[in-house]
Amino acid sequence: MDKIIEINSAVNGFVWGPIMLALLVGTGIYLSFRVGFIQFSRIGYWWKNTIGKIFKKTEAGEGEITPLQAVSTALASTVGTGNIAGVTGAIILGGPGAVFWMWISALFGMVTKFAEVTLAVKYRERNEKGDWCGGPMYYIKNGLGPKWKWLGVIFSVFGALAAFGIGNISQINSIASSVNSVAVAFHENAKEFDTIIGLVTGIVIAIFVALVLIGGVKRIGQVTEKLVPGMAAIYIVCALVVVIAHAGAIPGVFASIFQGAFNPSAVVGGAVGVTMKLAITKGVGRGVFSNEAGLGSAPIAHAATSEKNPVKQGLYGIFEVFMDTIVICTLTSLVVLCSGVATGNYGNNDLAGVPTAVAGFATVFGDKIGSLILAVGLLLFATSTILGWALYGTRCAEFLFGSKIIRPYQVLFCLVVIAGSVADLKLAWDISDTLNGLMAIPNLIAVLLLSPVVIKLTKEHFDGVKAGRLE
């Protein structure tokens with residue numbers, strides 16, 4: 001067991017270390033140059049064609065979901081515990097400057113995800129049930145050719161296994177912990193029943209997930225379409241209330257973010273060991289972990305869209321990273337920094353997570369309501385993530401074993417939800433975190449090799465827009 005932990009720790013240090021993070025951001029920089037920095041130069045266009053169409057009624061055919069449902073499903077998996085615990089951890093361990101590097105990774109990650117989604121729609125295919133299936137394994141097989149299928153197999157193995165940790169165990173653990181925290185906040189004796197509360201929570205969430213999965217990809221899309229906007233709105237409003245309440249601290253917070261990005265010790269003091277390298281790795285790492293740009297997961301959901309134009313669906317990839325990191329992660333950062341709860345706690349690993357975020361909300365709403373807000377946020381964020389990753393894991397397993405594996409995989413997935421709510425599965429989570437990072441390797445290879453296709457499709461699309469042939 002010790003040997004497994006040692007091996008996993010070494011591999012994890014690589015896949016979430018400086019080299020891989022540089023590759024992830026570097027891919028975004030390269031693609032940005034090649035498509036004309038569309039995240040900036042075409043901001044009005046992608047804004048109009050994403051957020052501007054949210055209320056437009058769109059019909060989807062059999063085996064399809066609407067573009068909004070596709071991005072909602074993708075956002076469901078990306079907007080999770082990383083937006084709260086991950087961001088707070090990055091600030092505590094990397095200082096305020098980590099937020100700056102999180103923004104940088106997101107700005108270039110927008111184009112990486114644009115490329116992933118574009119390729120997913122371009123090279124998708126129908127399965128035996130008539131559903132659209134796509135993602136890295138399919139654009140590897142259909143874009144690079146059958147001789148590259150082994151690379152798609154590697155991605156699918158990583159994805160099918162990682163779904164149990166990154167999209168299941170870690171999420172249900174966070175839900176159970178937050179429910180227990182609320183119970184204790186309202187009645188201290190509730191601590192004696194934490195296992196029972198956790199088990200009941202796990203069973204309820206497992207039943208909900210099972211009922212959604214029975215309806216297939218269309219049901220997942222219908223649920224996330226309603227769940228994601230609501231959960232985002234609740235969290236954004238509550239976070240804004242905290243930030244506005246501490247409005248006087250905002251100028252100083254932004255100054256600390258920019259100064260801390262290049263000179264962390266000037267902001268947090270050198271004694272706590274926060275260095276510029278740590279600020280970069282924590283900021284970029286948590287940014288990538290949160291928005292998943294380059295990991296290859298979100299394109300699996302986008303491939304089910306009814307949108308026929310790959311570039312138009314790719315625009316939702318840009319919007320997805322914007323909403324996840326630039327909006328929600330930034331608000332979490334501002335809650336933690338403006339409220340002052342991070343001051344004096346930098347470098348303290350025990351406070352690098354939810355407790356510090358709770359303390360930030362409690363400065364305005366009080367301990368009980370602050371805990372409740374975070375519990376509701378985590379419940380909605382984590383449940384939606386479980387749904388999104390259930391789809392991702394299922395599609396990866398289907399690529400490996402065919403449609404016959406779908407139901408057994410989903411049953412096992414729901415059982416793990418129950419087990420994960422009460423068991424100490426830290427090793428399983430750690431291994432899945434590593435597998436999640438490993439997904440990026442075959443995906444980035446494929447994205448870079450197929451980048452000429454993305455460049456060509458993008459140029460043709462915007463030439464068509466300029467000529468009036470396309471909207």
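These numbers come from a predicted model, not from an experiment. Numbering starts at 1 and runs along the sequence shown.
Between the Thr383 side chain and the Leu380 main chain, no donor and acceptor come within less than 3.5 Å of each other. Judged by distance alone, the side chain of Trp101 and the main-chain N or O of Ala261 form a donor-acceptor pair under 3.5 Å. A distance-only check finds a donor-acceptor pair linking the side chain of Arg124 to the backbone of Thr305 [under 3.5 Å]. Within the 3.5 Å criterion, the main-chain N or O of Gln259 finds no donor-acceptor partner in the side chain of Asn263. Although no hydrogens or angles enter the test, the distance criterion places no donor-acceptor pair under 3.5 Å between the side chain of Asn168 and the main chain of Ala163. Remark: the backbone N or O of Leu448 is paired with a side-chain donor or acceptor of Ser451 at under 3.5 angstrom. Although no hydrogens or angles enter the test, the distance criterion places no donor-acceptor pair under 3.5 Å between the side chain of Gln313 and the main chain of His302. Looking at Ser41, its side chain does come within 3.5 Å of a backbone N or O of Gly36 through a donor-acceptor pair.
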May I have the step-by-step check of ring pair (Phe, Tyr, Trp, His ring centres under 6.0 Å) for Phe413 and Trp389, ending in yes or no? CA-CA 10 Å; Phe413 192 88; Trp389 272 93; 9.1 Å; no
Set out, in order, the CA-CA distance, both residues' side-chain angles and the distance that settles ring pair (Phe, Tyr, Trp, His ring centres under 6.0 Å) for Tyr409 and Phe164, then state yes or no. CA-CA 10 Å; Tyr409 183 91; Phe164 288 109; 5.1 Å; yes
Check step by step if side-chain contact (heavy atoms from CB on, under 4.5 Å) holds for Met231 and Leu379. CA-CA 9 Å; Met231 74 182 193; Leu379 173 66; over 6 Å; no
Start with the C-alpha gap between Tyr45 and Phe462, add the side-chain angles, then the distance that decides, and say whether ring pair (Phe, Tyr, Trp, His ring centres under 6.0 Å) holds. CA-CA 10 Å; Tyr45 183 82; Phe462 285 108; 5.3 Å; yes
Glu307 and Val121: side-chain contact (heavy atoms from CB on, under 4.5 Å), yes or no, with the steps? CA-CA 8 Å; Glu307 176 61 64; Val121 177; 5.9 Å; no
Run the side-chain contact (heavy atoms from CB on, under 4.5 Å) check on Val447 and Leu31 step by step: do they pass? CA-CA 9 Å; Val447 169; Leu31 290 170; 3.9 Å; yes
Please determine whether side-chain contact (heavy atoms from CB on, under 4.5 Å) holds for the pair Tyr123 and Ile140, giving the CA-CA distance in whole Å, both sets of side-chain angles, and the decisive distance to 0.1 Å. CA-CA 9 Å; Tyr123 292 110; Ile140 288 171; over 6 Å; no
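Ring-plane geometry between Trp148 and Trp150 is classed as parallel, the angle between the planes falling under 30 degrees on a 0 to 90 degree scale with a further cut at 60. Between Phe33 and Phe37, the ring planes lie perpendicular to each other; the angle is over 60°, past the 30° to 60° tilted range.
Side chains of Val376 and Tyr235 form no contact here, defined as non-hydrogen atoms less than 4.5 Å apart. The closest side-chain heavy-atom distance from Ile445 to Leu151 is below 4.5 Å. In this structure the side chain of Asn443 reaches within 4.5 angstrom of the side chain of Tyr139, judged on heavy atoms. Contact check for Cys396 versus Ile300: side-chain heavy atoms found under the 4.5 Å cut-off. Residues Phe399 and Val153 meet the side-chain proximity criterion, which asks for heavy atoms closer than 4.5 Å. Ile318 places none of its side-chain heavy atoms less than 4.5 Å from the side chain of Thr50. In this structure the side chain of Cys329 reaches within 4.5 angstrom of the side chain of Asp324, judged on heavy atoms. In this structure, the side chains of Met20 and Ile441 come closer than 4.5 Å at one or more pairs of heavy atoms.
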Atom pairs and distances, side-chain donor-acceptor, residues 243-256, under 3.5 Å, sequence neighbours left out:
unit_1 : atom_1 : unit_2 : atom_2 : d
His246 : NE2    : Thr363 : OG1    : 3.1
Ser256 : OG     : Val253 : O      : 2.6

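Residues Phe155 and Pro136 approach most closely at CZ-CG, 3.4 Å, considering heavy atoms. The heavy-atom pair separating Ala298 from Glu292 by the smallest distance is N-OE1, 4.4 Å. Nearest heavy atom pair, residue Val336 against residue Ser339, reads O-OG, 3.2 Å. Closest approach of Gly283 and Ser105 over heavy atoms only: O-OG, 4.4 Å. What you find for Pro96 and Leu337 is that their closest heavy atoms are CG-CD2, 4.0 Å. For the residue pair Trp46 and Phe319, the shortest heavy atom distance occurs at CZ3-CA, 4.0 Å.
Taken from CG in Leu24 to CD1 in Ile29, the straight-line distance is 11.0 Å, to the nearest 0.5 Å. Atom-to-atom distance recorded for Met323:CE and Ile326:CD1 is 11.0 Å, nearest 0.5 angstrom. Interatomic distance, NZ of Lys113 versus CG of Leu315, reported as 14.0 Å (0.5 Å rounding). A distance of 11.0 Å separates CE of Met137 from CG of Asn142, quoted to the nearest 0.5 Å. Met439 contributes atom CE, which lies 13.0 Å from atom CD1 of Ile154 (distance to the nearest 0.5 angstrom). With rounding to the nearest 0.5 Å, the separation of CD1 in Ile236 from CG in Leu331 is 6.0 Å.
Listed by chain and number, the residues in a side-chain hydrogen bond (donor to acceptor under 3.5 Å, both in side chains) with Ser333 amount to none (sequence neighbours excluded).
Other residues, nucleotides and ligands contribute only 12 or fewer heavy atoms inside 6.0 Å of the NZ atom of Lys122.
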